[in-house]
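Worksheet for the structure shown next.
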Amino acid sequence: MFKKDYSLRNTIFLRLIVTFLLIMLPILVFAAYLYQWIMQTASSDIRSSASAQTVFT
């Protein structure tokens, strides 16, 4: 008699996906920033260590 509207806007699956993405996006952005910072710090430490070894050799 009454046809239920199962459009994509009303499904719980879509709401679940959107909620998951909204939660995961800041975590992934922070992880990318942290990875970049670690790589920069490690590279700087390796460079300074290598230059210190060549000065005292």
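The analysis underlying the following values was restricted to heavy atoms, covering all of them including side chains, and did not include hydrogens, waters or symmetry mates.
By the criterion of side-chain heavy atoms lying less than 4.5 angstrom apart, applied directly or through intervening Ile, Leu, Val, Met, Phe, Trp or Tyr residues, Leu34 is not grouped with Ile27; the two fall into different hydrophobic clusters. Under the 4.5 Å side-chain contact rule for hydrophobic residues, Tyr35 and Phe30 do not share a cluster. Linking Ile, Leu, Val, Met, Phe, Trp and Tyr residues whenever their side-chain heavy atoms come within less than 4.5 Å places Phe13 and Leu21 in a single cluster.
Rounding to the nearest 0.5 angstrom, the gap separating the CD1 atom in Ile17 from the OG1 atom in Thr11 is 9.5 Å.
Thr41 pairs by the side-chain contact (heavy atoms from CB on, under 4.5 Å) definition with Trp37, Asp45, not counting sequence neighbours. Residues satisfying the side-chain contact (heavy atoms from CB on, under 4.5 Å) criterion with Leu22, sequence neighbours excluded, are Val18.
Inspection of the Arg47 and Ser43 side chains reveals an N or O donor paired with an N or O acceptor under 3.5 Å.
Hydrophobic cluster membership of Leu16, counting Ile, Leu, Val, Met, Phe, Trp and Tyr whose side-chain heavy atoms lie under 4.5 Å apart directly or via other members: none, as it forms a cluster of its own.
Formation of a donor-acceptor pair under 3.5 Å by the Thr19 side chain with backbone atoms of Arg15 is found in this model.
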